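In this text, all values refer to a predicted model and were calculated from it rather than measured experimentally. Order of listing sets the numbers, starting from 1, for every ligand and every atom in it. All residue numbers refer to positions in the sequence shown, counting from 1.
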Amino acid sequence: MVGGDAKRARSPGPNGLSTLAVRAGSYKDSATRAISTPIFQTTTFGLTDEVVEAMAAGTVREHLIYTRYGNPTVRACADKIAALEGGEGSLVFSSGMAAISSTMAAVLSPGDHLVSSRDLYGGTFALLERELPQMGVDVTLVDAASLDEVSDALRPSTRMIYVESLTNPLLHLADIPALAKLARRGGCVLAVDATFATPINQQPLKLGADIVLHSCSKFLNGHSDVIAGAVVTRDELVAGIWEKMLRFGGCLDPHAAYLLERGMKTLAIRMARHNENAQTTAEWLERNARIAAVYYPGLDSHPQRSLAKKLLSGYGGVVAFEVRGGDEAAWMFVQRLRLLDAAASLGGVESFVTLPFNTSHAALAPEERERIGIRPGLVRISVGIEDPGDIIGDIEQALGCA
Ligand SMILES: *Cc1c(COP(=O)(O)O)cnc(C)c1O
């Protein structure tokens, strides 16, 4: 998509993930030899004969015309994410929801059917419940942990199976290789929201998924200062999703793209630290008498522990746990924290804490929360990259045991 004499740094050779995080996609500016990707903060690009011909021929995606269509700084992010996921093509968006909604709009047409896990990010759940039916798409929600339930839900009109690879807040895993087999047999695509795992811990395309989606607002950017989203998939699907991005307008701003590309350079080392700190925190919580239960795929107590060992190379930065004494005790715990922030996001370098009962799952009645496994006293912590002793020290004092 980048024209002129600027070269795109497609990372050469079979590099490791740390190398790809640093180098893949970064824009090489031949005029200045700048090491970091410049911010092309421009709405538009000068027209040339070549561009005018491309517009007439309908091949505009290959050229720099107008930033909603494409921009070198934005492209740098997409290329880096494609390299990290091992995918053919990628697009980045103004939010994770823009990536998810544009992808669904591209793949699903009126009369089509979608089978989705019921265990979803709230925004995605609302999209499936409120918007897709209005677009003439039938949605069946299933317990994606039951392959029989997924298989029984498939119809000849099913075009997509949709899951999150690691769910919020209880960290349930999707069996991507098994679901990919079902999708292939059913003649539909498997789309995976891989926000919690990141390509450092799991690459869904290599496990058989067709489409990977991200909220880059979380771990990929990692600094709690950018809202962005991404899709990675085969080139043939990228073309259709790009058209939806154009028409619905969910393109990423170049300045945000600059921050995202900069943030992703440290993705591999940040994830290594998130994985390590979360494991240490989860193990400490499991030994604490004031904690009734801990949910983390790196613990032997996780109900899908063997699947986690098979499908994940790291267990991520999110840990959930139940404080004894219910939601009231959990709320007191949050109010006593000094270092950790109570904030409704995750994946930043800072440790964050939220209570599903009054944030992500506040719309559900207590009985409905129980039914999906969210019991009173549940706390979700996004473990940051601070010193683990400081994180645990703050949790300890807020639990009232130090
Ligand atoms: C945050 C999040 C989203 C939505 O992303 P935005 O960037 O906030 O639009 C989608 N899926 C998951 C799993 C998320 O955590």
Side-chain angles (χ1 to χ4, degrees), residues 74 77-78 81 85 90-105 116-132 141 144 160 162-174 176 191-202 204 209 211-232 241 244-245 248-253 256-257 259-260 263-264 271 274 278 295 297 312 315-320 343-348 350 352-354 356 359-362 372 374 380-384:
V74 174
C77 293
I81 297 169
E85 289 288 4
S90 173
L91 296 167
V92 287
F93 296 82
S94 54
S95 68
M97 286 314 303
I100 295 166
S101 56
S102 299
T103 299
M104 287 191 174
S116 171
S117 168
R118 190 177 289 122
D119 198 357
L120 288 175
Y121 176 73
T124 309
F125 189 84
L127 176 73
L128 267 51
E129 228 191 18
R130 310 259 172 87
E131 304 299 334
L132 290 191
L141 298 176
M160 180 188 279
Y162 188 87
V163 293
E164 295 178 2
S165 52
L166 261 180
T167 67
N168 176 35
L170 294 173
L171 292 317
H172 295 142
L173 266 81
I176 296 172
V192 176
D193 178 334
T195 299
F196 275 44
T198 82
I200 305 303
N201 288 339
Q202 182 184 61
I211 299 172
V212 175
L213 292 149
H214 283 286
S215 167
C216 307
S217 322
K218 316 293 169 54
F219 291 103
L220 287 197
N221 177 61
H223 294 73
S224 311
D225 54 8
V226 170
I227 298 286
V231 63
V232 188
I241 302 168
K244 297 298 176 192
M245 186 185 74
F248 293 138
C251 59
L252 188 63
D253 177 77
L259 288 171
L260 174 58
M264 287 191 294
M271 286 316 295
H274 282 296
Y295 304 89
L312 294 165
Y315 303 112
V318 180
V319 179
S345 190
L346 58 104
E350 315 84 354
F352 290 125
V353 168
T354 54
T359 56
S360 57
H361 295 72
I372 58 171
I374 298 177
R380 183 194 75 191
I381 165 166
S382 173
V383 183

Contacts table for ligand 1: protein N or O within a distance under 3.5 Å of ligand N or O, distances only.
unit_1   : atom_1 : unit_2 : atom_2 : d
ligand 1 : 5 (O)  : S215   : OG     : 3.0
ligand 1 : 7 (O)  : G96    : N      : 2.8
ligand 1 : 7 (O)  : S215   : OG     : 2.8
ligand 1 : 7 (O)  : S217   : OG     : 2.6
ligand 1 : 9 (O)  : G96    : N      : 3.0
ligand 1 : 9 (O)  : M97    : N      : 2.9
ligand 1 : 11 (N) : D193   : OD2    : 2.7
ligand 1 : 15 (O) : K218   : NZ     : 2.7

- [ ] Output all residues satisfying side chain to side chain contact (heavy atoms under 4.5 Å, CB included) with I374, sequence neighbours left out; order by chain, then residue number.
- [x] P169, L170, P356, H361, R369, I372, L378
TODO: For side-chain contact (heavy atoms from CB on, under 4.5 Å), just list the numbers for S101 and E131, CA-CA rounded to whole Å, side-chain angles, deciding distance to a tenth of an Å, and then say yes or no.
DONE: CA-CA 9 Å; S101 56; E131 304 299 334; over 6 Å; no
Open item on the list: Test of understanding: with side chain to side chain contact (heavy atoms under 4.5 Å, CB included), list the residues that count as partners of A257, not counting sequence neighbours.
Closed with: T73, V74, C77, L252
- [ ] Take S90 and E85 through the side chain to side chain donor-acceptor pair (under 3.5 Å) test and state the conclusion after the steps.
- [x] CA-CA 9 Å; S90 173; E85 289 288 4; over 6 Å; no
Task: Partner residues of H274 under the ring-ring contact (aromatic ring centres under 6.0 Å, His included) criterion, sequence neighbours left out - done: F219
TODO: Tell me yes or no: between the side chains of T195 and D193, is some donor less than 3.5 Å from an acceptor?
DONE: yes
